[in-house]
A.B. asks: 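Have a look at the structure that comes next, please.
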Protein chains: 2
Amino acid sequence: MNIRELARRSGVSTATVSRALNDRAEVSEATRERIRRLATELGYAPNEPARTLVRRRSDTIGLIWDSGQEAQGLHNPFLLGLLSAVRTALSEADYHLMLLTTPGPDDPEGAHLQAVRRHNLEGVIVLTTPPDDHCLRQLAASTVPCAGIDTAFTGPRTVRVSSDNAAGAEAAVEHLYALGHRRIATITGPLHLPPAAERLAGYRRACARLGLGVPEGYVVEGDFFLASGEAAGRRLLSVAERPTAIFAAGDQMAIGAMHAAADAGLAVPRDLAVVGFDDIDAAALVRPALTTVAQDQRALGEAAVAALRGLLDAGPGKGLEPAQPRIVPTRLVIRGSSRSGA
Amino acid sequence: MNIRELARRSGVSTATVSRALNDRAEVSEATRERIRRLATELGYAPNEPARTLVRRRSDTIGLIWDSGQEAQGLHNPFLLGLLSAVRTALSEADYHLMLLTTPGPDDPEGAHLQAVRRHNLEGVIVLTTPPDDHCLRQLAASTVPCAGIDTAFTGPRTVRVSSDNAAGAEAAVEHLYALGHRRIATITGPLHLPPAAERLAGYRRACARLGLGVPEGYVVEGDFFLASGEAAGRRLLSVAERPTAIFAAGDQMAIGAMHAAADAGLAVPRDLAVVGFDDIDAAALVRPALTTVAQDQRALGEAAVAALRGLLDAGPGKGLEPAQPRIVPTRLVIRGSSRSGA
DNA sequence: CTGAAAGCGCTTACAG
DNA sequence: CTGAAAGCGCTTACAG
């Protein structure tokens, strides 16, 4: 069933069918209705490649996510929520979604850019990808509209979306302060990553504002994984002025710190309160359950789609100055690791 | 840069360019080389929609995954590994990947099928979707090749891929038996789901083979989530002949059972050994770390792609009898919850 | 409001 | 081995 067949059966030209189905104003109400009815009845659906070819637009967005991180297990559950939010928001806006492959070492530099051209993609959404990806850098440098969540690249038509890492960290410290803690230490992520640096900045700002000192040895860098949190926890617990609370910039590290506390014979939260960041699944499964700064995956995904649509609507002329990053609020989820009786 | 431009610059016809770039035998080695070089030099990439239109095939596979489960948080991390394996395997086979939207309540019955037709998709891969989805049922009933991981539908050109749930459960029971346990209880998933039923069958088979009785009350049904495991654990621990080991058909339930043990003043693994299923991230984060039957996401993804390619190669004639399900082995990951000293 | 015609960028019989 | 031509299924000026 193609448009010619449908036109024949409707007794009109293909042009009229096309107009009716695309809701053009010129077609009369009566014929439009008749054609639409017949179309659904016959199960007709227009051939998208043909439409793309003639309209020179595909209504399709490319999606890239990093499989390097994934192989390491970093941020896994987080990614899926993002993916899902992006998919929903995009399909509500009537865009199709194509998954782009992370290029291997033998792929050409311009792999992403080429994929965009070949498929007539209108824009790309990038999920949490490291900054040292050549293909991606080249894509960002092009005129292809790109919205990135937790990405570090910039370009002429690029928008960055991210959680409010600093404010989230501040909220965590404030929460601990409100519980009476005055000796609050932190475990950071790798500080060359923007989210890690921003969370540390938030921690420092909150401590300064609350008049808390940050003694020597209260800031330990980890790598977002469990073992680094455990090691950092051990170090923090051996500082002369032992902290009574730890804010870790990632949940796995926070859980590692809880293990270190247990090994030192300290009870959480009685002897040591712990707050994490991200709200991964495990945060609700460990005991005591982990208080954490939750990222709003849904909002992040929606913000990325909104930002991308902004770029698309603005057209190739605009957006030549680097766009302001879109910042999405976080939410503190209070569980047993920071307050007793849970 | 399109094929006409490239042809003009190469001094040949578009037909020859097309043949050279598509590796047709008829073109001379010299011209082929010349054209290829020029193509990469000029950054030419063929327009896929145009190719799809004329070739009547898109080299594109559709991907469907369930967002219902996802909203509930079930199997989250598992899905992402699958997604990633499928993407890799598919792109190695030179297929493109399009994400299909889970239809909302107001979408037409044939939404998936229509999407397949509109985009000329050659087949679909379905990830862990519940059996009561109309759109999906209709897709399976069509002649569209479908490979499903942990799905329950069948159709003329459908293949199911799944872990060897029964053998995995058997391995878990054998492991506990080898540690000296003779009173082994189980917490099942919702038994209308095939994986849950298969895991229970494996448990029963192993118990029978090892000569273990399954006393009244040793089989409790849960829903794969934490709270149900905790509740089931409490019930199992109050059975007259208290079990010394529990095999739970999912990791969250296993962790819940560990909580129940702790609440009852029992130490894991000394007083109660626990084994789960899936190997979610949290399994390695809880304390003691959870022994579990790991599913091989990568192998599952690859098997799904291989199965789909089998259907595609067989052509529309074949595959009319329901294909045998592809079974992927599991792997027992031994951690602290089943053996001391870890 | 409607139709005939051109054309989007390719591939592939067909002819040489 | 190569080219001229037709055609894949649509949309959209253009003419009426």
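When reading the values below, keep in mind they use all heavy atoms of this one structure, side chains included, and skip hydrogens, waters and symmetry mates. Computed from a predicted model, the values in this text were never measured in an experiment. Within every chain, numbering begins at 1; the chains are lettered A, B, ... in the order of the sequence lines, protein sequences first and strands thereafter.
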A.B. asks: Compare every heavy atom of A/V124 with every heavy atom of A/L308, then report the nearest pair and how far apart it is.
C.D. replies: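 Minimum heavy-atom separation between A/L308 and A/V124: CD1-O, 3.9 Å.
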A.B. asks: What is the distance, rounded to the nearest whole Å, between atom CG of A/D23 and atom P of D/dT12?
C.D. replies: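 Whole-Å distance recorded here is 13 Å.
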A.B. asks: When you get a sec, tell me which of C/dT11, D/dA13, D/dC1 is the closest nucleotide to the side chain of A/R19?
C.D. replies: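 Side chain of A/R19 sits closest to D/dA13.
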A.B. asks: On a heavy-atom basis, which atom in A/S142 and which in A/P156 lie closest, and how many Å separate them?
C.D. replies: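 Nearest pair, atom of A/S142 first, then A/P156: O-CG, 3.3 Å.
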A.B. asks: If I take atom CG in residue A/N120 and atom P in nucleotide C/dG9, what distance separates them, rounded to the nearest angstrom?
C.D. replies: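 Taking atom P of C/dG9 as the reference, CG of A/N120 is at 9 Å.
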A.B. asks: OP1 or OP2 of C/dG3 less than 4.0 angstrom from a side-chain nitrogen or oxygen of A/T16, does that happen here?
C.D. replies: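 The answer is yes; a side-chain N or O of A/T16 sits under 4.0 Å from OP1 or OP2.
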A.B. asks: Using atom P in both nucleotides, what's the gap between D/dC10 and D/dC14 to the nearest angstrom?
C.D. replies: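 Roughly 24 Å separates the two P atoms.
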A.B. asks: Answer with base, sugar-phosphate or nothing: what part of the nucleic acid does B/T31 contact at a heavy-atom distance below 4.0 Å?
C.D. replies: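 It contacts sugar-phosphate atoms only.
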A.B. asks: Checking contacts here: which listed nucleotide (C/dG9, C/dT12, D/dC10) is nearest the side-chain heavy atoms of B/S18?
C.D. replies: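 Shortest atom-to-atom distance from the side chain points to C/dT12.
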A.B. asks: Kindly express the pairing pattern of DNA chain C in dot-bracket notation, using | wherever a base pairs with another strand and counting only Watson-Crick or G-U pairs under 3.5 Å.
C.D. replies: |||.||||||||.|||
A.B. asks: Please measure how far the P atom in D/dG9 lies from the corresponding atom in D/dA13, and state the result in whole Å.
C.D. replies: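 D/dG9 and D/dA13 have their P atoms separated by 23 Å.
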A.B. asks: Can you check the A/R24 CZ to C/dG3 C1' distance for me, whole Å?
C.D. replies: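 So the two atoms are 16 Å apart, to the nearest Å.
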A.B. asks: What is the distance, rounded to the nearest whole Å, between atom CZ of A/R56 and atom C1' of C/dG7?
C.D. replies: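 Distance check: A/R56 CZ to C/dG7 C1' gives 10 Å.
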A.B. asks: Between P on C/dA5 and CZ on A/R4, what's the gap in Å once rounded to a whole number?
C.D. replies: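 Rounded to the whole Å, the gap is 14 Å.
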A.B. asks: Give the rounded distance in Å between these two atoms: CG of A/N47 and P of C/dG9.
C.D. replies: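 Distance, rounded to whole Å: 16 Å.
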A.B. asks: Which of the following nucleotides, D/dA4, D/dT12, C/dG9, is nearest to the side chain of B/A50?
C.D. replies: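 The nucleotide sitting nearest to the side chain is C/dG9.
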A.B. asks: Would you check if there is a donor-acceptor pair between the side chains of A/N22 and A/R51 at a distance under 3.5 Å?
C.D. replies: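 A/N22 and A/R51 do have a side-chain donor-acceptor pair below 3.5 Å.
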A.B. asks: Any side-chain N or O of B/N2 less than 4.0 Å from the OP1 or OP2 oxygen of C/dC8?
C.D. replies: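 No.
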A.B. asks: Minimum heavy-atom separation for B/L82 to B/Q297, with atom names?
C.D. replies: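 Heavy atoms of B/L82 and B/Q297 come nearest at CD1-O, 3.6 Å.
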A.B. asks: Quick check on DNA chain D: between B/R55 and A/T14, whose nearest nucleotide comes earlier from the 5' end?
C.D. replies: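 Upstream on the strand: B/R55.
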A.B. asks: Return yes if some donor-acceptor pair links the side-chain N/O of A/S58 with the main-chain N/O of A/N120 below 3.5 Å, else return no.
C.D. replies: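 Yes, the answer is positive, given that a donor and an acceptor are paired below the 3.5 Å cut-off.
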A.B. asks: Report which part of the nucleic acid B/R118 touches: base, sugar-phosphate, or nothing (heavy-atom distance under 4.0 Å, all strands).
C.D. replies: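 If one applies the 4.0 Å heavy-atom cut-off, B/R118 turns out to touch nothing in the nucleic acid.
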A.B. asks: If you check every side-chain atom of B/R51, which of C/dA5, C/dC10, D/dC8 has the closest atom?
C.D. replies: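 Closest of the options to the side chain of B/R51: C/dC10.
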A.B. asks: Check every atom of D/dT12, C/dG3, D/dT2 against the side chain of B/S28 and return the nucleotide holding the closest atom.
C.D. replies: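 From the listed options, D/dT2 comes nearest.
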A.B. asks: Among the candidates C/dC10, C/dT2, D/dC10, find the nucleotide nearest to the side-chain atoms of A/I3.
C.D. replies: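 Out of C/dC10, C/dT2, D/dC10, the nucleotide with an atom closest to A/I3's side chain is D/dC10.
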A.B. asks: Which heavy atom of A/A89 sits nearest a heavy atom of A/E302, and at what distance?
C.D. replies: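 Closest approach of A/A89 to A/E302: CB-CG, 4.1 Å.
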A.B. asks: Whether A/E33 and A/R36 form a salt bridge (side-chain N of Lys/Arg under 4.0 Å from carboxylate O of Asp/Glu) is what I want to check.
C.D. replies: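 Salt bridge flag = no for A/E33 with A/R36.
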A.B. asks: Calculate the interatomic distance between B/H119 atom NE2 and D/dG9 atom C1'; express it in whole Å.
C.D. replies: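 Spelled out: NE2 on B/H119 to C1' on D/dG9 is 15 Å.
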A.B. asks: Would you say A/Y44 reaches D/dG9's phosphate, i.e. side-chain N/O to OP1/OP2 under 4.0 Å?
C.D. replies: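 So the side-chain polar atoms of A/Y44 never come under 4.0 Å of the phosphate oxygens OP1 or OP2 of D/dG9.
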A.B. asks: Compare every heavy atom of A/S162 with every heavy atom of A/L300, then report the nearest pair and how far apart it is.
C.D. replies: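 Reported closest heavy-atom pair: CD2-C, 3.7 Å.
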A.B. asks: Among D/dC10, C/dT2, C/dC10, which nucleotide sits nearest the side chain of A/P46?
C.D. replies: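 Within the option list, the nearest is D/dC10.
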A.B. asks: Can you tell me the distance, in whole Å, between the CD1 atom of B/I35 and the P atom of D/dG3?
C.D. replies: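 One finds 8 Å between P of D/dG3 and CD1 of B/I35, rounded.
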